[in-house]
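Reading through the structure tokens given below for one structure.
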Amino acid sequence: MAKIIIDTKIEPSEQKQISKHIYGHFAEHLGRCIYDGIWVGEDSSIPNTRGIRTDIVQALKKIKVPNLRWPGGCFADEYHWKDGIGPKENRPRRVNTHWGGVIENNHFGTHEFFDLCEQLDCEPYICGNVGSGTIEEMSQWIEYITFDGNSTIAELRKKNGRENPWRIKYWGVGNENWGCGGHMTAEYYSDLFLRYSTYCKNLSGNKLYKITCGPVGEFPLNWVVHWVETVMNKTSIPTLFKPLIHGLSLHYYTRVGAQPATEVNEKRWAVVMEKALYMDRLLAEISNIMDKYDKSKKIGIIVDEWGAWWGVEKGTNPSFLYQQNTLTDALIASLHLDIFNNHCTRVHMANIAQTVNVLQSMILTKGEKMLLTPTYHVFDMYKVHQENILLPTKINTENYVQGRRSIPAINGSASIDSDNQLYISLSNINPNQGINVEIIVNDFNIGISELKAEVLRSEQINAHNTFEAPETVKPEKYTNDKFSIKENKLVFKMPSKAILVIKIK
Ligand code: AHR
């Protein structure tokens with residue numbers, strides 16, 4: 001049994017908005033994400049617009065992708081942006097040392113990335129190179145993108161076909177600089193952040209939101225705390241002329257060892273659900289530290305890498321991180337998105353890793369074929385929360401018990417939009433049993449005829465879509481006869497291993 005109470009009466013000063021950027025994405029030069037994924041080239045027989053795959057753009061627009069992080073990841077700290085501009089035949093060929101030592105031909109560079117964002121109608125988020133790049137290089141990249149005048153760098157952009165500058169808000173100053181981005185200490189990185197970000201200038205009316213490298217949540221909590229304390233202490237205290245951070249990044253993967261996604265069993269399922277729920281604890285711990293330095297919660301947590309990390313699919317290049325995506329991944333996604341919604345005062349953005357063919361993808365491709373993963377469908381169902389007001393929700397639920405693990409079975413979040421339409425998203429992580437749910441919505445009249453619901457579920461925890469059967473896992477209508485009103489409560493049975501999104505007018 002689960003009893004849920006949702007409050008709808010919130011004083012305007014107490015209202016918290018769920019940023020659409022929580023539903024953000026990440027595309028790295030890794031495996032088949034960019035090349036043979038998003039980018040097929042102008043001469044490809046696969047339908048494309050200036051080299052960018054049309055079916056992928058259409059699918060991503062449908063889920064309202066709000067932003068895209070690029071070019072990495074670890075790749076960002078060895079990327080030199082000047083390699084990726086000008087005529088393609090003149091662009092240098094480099095070794096992608098992080099991801100399999102393959103040749104990077106730089107055909108997808110700054111202009112192609114902004115073209116992709118314009119096609120998707122989403123905001124660009126660039127991660128700059130601190131690990132192996134110079135301050136001059138980073139500041140000139142910003143000038144190339146944003147400067148309106150006739151400096152030599154801006155003239156180069158015009159010569160390369162883009163007369164008007166682009167606009168960019170989100171700018172990352174390095175990636176995982178405690179690891180692949182330079183193996184730095186928190187103290188050293190914080191000083192470097194101050195130096196680099198001093199020269200990340202706001203030009204021609206463009207305003208940057210500067211994101212500092214934060215911790216990785218899979219490391220011990222005392223290390224996480226030290227990293228956050230140090231970075232916040234050194235970079236967030238306002239002094240005259242000192243550049244400040246706007247966002248602190250956080251990476252956290254639900255890592256599960258070498259087993260491929262499709263080989264999940266119930267024991268492993270319980271482990272990954274528990275790991276996914278750890279995001280809530282991490283955000284609470286990090287927010288507590290940030291509150292000491294930033295009481296008004298202006299600085300955001302930017303969870304710019306998250307998702308499931310399984311063993312690669314058999315027969316694929318281990319460095320390409322190509323994995324299938326099952327119902328288990330869908331539940332991992334829904335748990336995270338609900339946690340982000342519930343932490344929306346601090347979580348200003350989150351980016352699932354990664355968009356196409358890498359880790360917990362939205363889309364998988366094979367030649368001209370493509371399929372939408374169960375995770376894609378979760379983003380499609382959850383997009384209704386974007387920009388809504390969060391509704392405080394108390395969930396009193398039975399636990400799902402597996403071996404020595406005992407974890408809350410029902411998790412979720414709720415929001416309301418400007419038309420007074422209410423959205424409730426719920427996940428039941430018990431893979432064996434449906435659960436009776438009662439929802440009380442304070443100060444709100446629920447009418448069954450005004451209710452619409454969609455469910456994502458399957459009989460198997462490893463159910464997934466293949467190129468032969470691409471619609472095995474997809475949302476279905478959850479019909480109104482499954483709901484009733486008893487003593488002002490909305491009553492229904494939440495199926496096992498399922499995600500439900502309810503809309504009520
Ligand atoms: O997303 C894959 C990699 O995971 C990224 O490049 C890196 O930032 C993280 O370790």
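For ligands, and for the atoms within them, numbers begin at 1 and follow the listed sequence. For reference, positions follow the sequence shown, starting with 1.
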Inset, instruction - Compute the shortest N/O to N/O distance between Cys74 and ligand 1 and return yes if it is under 3.5 Å, no if not. - result: yes
Legend entry - Side-chain heavy atoms of Arg69 within contact of His25, under 4.5 Å: no
Inset, instruction - Please could you name the atoms of ligand 1 that Leu359 approaches to less than 4.0 Å, counting only its heavy atoms? - result: 1 (O), 2 (C)
Inset, instruction - Could you pull out all residues at least two apart from Asp121 that satisfy side-chain hydrogen bond (donor to acceptor under 3.5 Å, both in side chains)? - result: none
Legend entry - Atoms in ligand 1 with a heavy atom of Glu28 nearer than 4.0 Å: 1 (O), 2 (C), 5 (C), 6 (O)
Inset, instruction - Determine the interplanar angle of the Tyr209 and Tyr170 rings, folded into 0 to 90°, and report it as parallel if under 30°, tilted if 30 to 60°, perpendicular if over 60°. - result: perpendicular
Inset, instruction - Any atoms of ligand 1 less than 4.0 Å from a non-hydrogen atom of Asn175? List them with their elements. - result: 8 (O)
Inset, instruction - Quick one: look up the protein heavy atom nearest atom 9 (C) of ligand 1 and list residue, atom name and how far away it is. - result: Glu305 OE1, 3.0 Å
Inset, instruction - Considering the heavy atoms of Phe26, write down every atom of ligand 1 situated less than 4.0 Å from one of them. - result: 1 (O)
Inset, instruction - Classify the contact between Trp309 and ligand 1 as side chain, backbone, both or neither, using a heavy-atom distance cut-off of under 4.0 Å. - result: side chain
Inset, instruction - Flag the pair Ile52 / Gln119 as yes when at least one side-chain heavy-atom distance between them is below 4.5 Å, and no otherwise. - result: yes
Legend entry - Location of contacts on Gln354 toward ligand 1, heavy atoms closer than 4.0 Å: side chain
Legend entry - Test item, Trp99 contacting ligand 1 (heavy atom, 4.0 angstrom): yes
Inset, instruction - Using the six-membered ring wherever Trp is involved, compare the ring planes of Tyr278 and Tyr252 and label them parallel, tilted or perpendicular (cut-offs 30° and 60°). - result: tilted
Legend entry - Distance flag, aromatic centroids of Trp178 and Phe219, threshold under 6.0 Å: yes
Legend entry - Under the disulfide (SG to SG under 2.5 Å) test, residues paired with Cys180 that sit two or more places apart: Cys74
Legend entry - Identity and separation of the nearest protein heavy atom to atom 10 (O) of ligand 1: Glu176 OE1, 2.7 Å
Inset, instruction - Run the numbers for me: atoms of ligand 1, each under 4.0 Å from some heavy atom of Gly73, listed by number. - result: 5 (C), 6 (O), 8 (O)
Legend entry - Heavy atom of the protein closest to atom 1 (O) of ligand 1 (residue, atom name, distance): Tyr253 OH, 2.7 Å
Inset, instruction - Would you verify whether the NZ or CZ of Arg32 falls within 45 degrees of the ring axis of Tyr322 while also being under 6.0 Å from that six-membered ring's centre? - result: yes
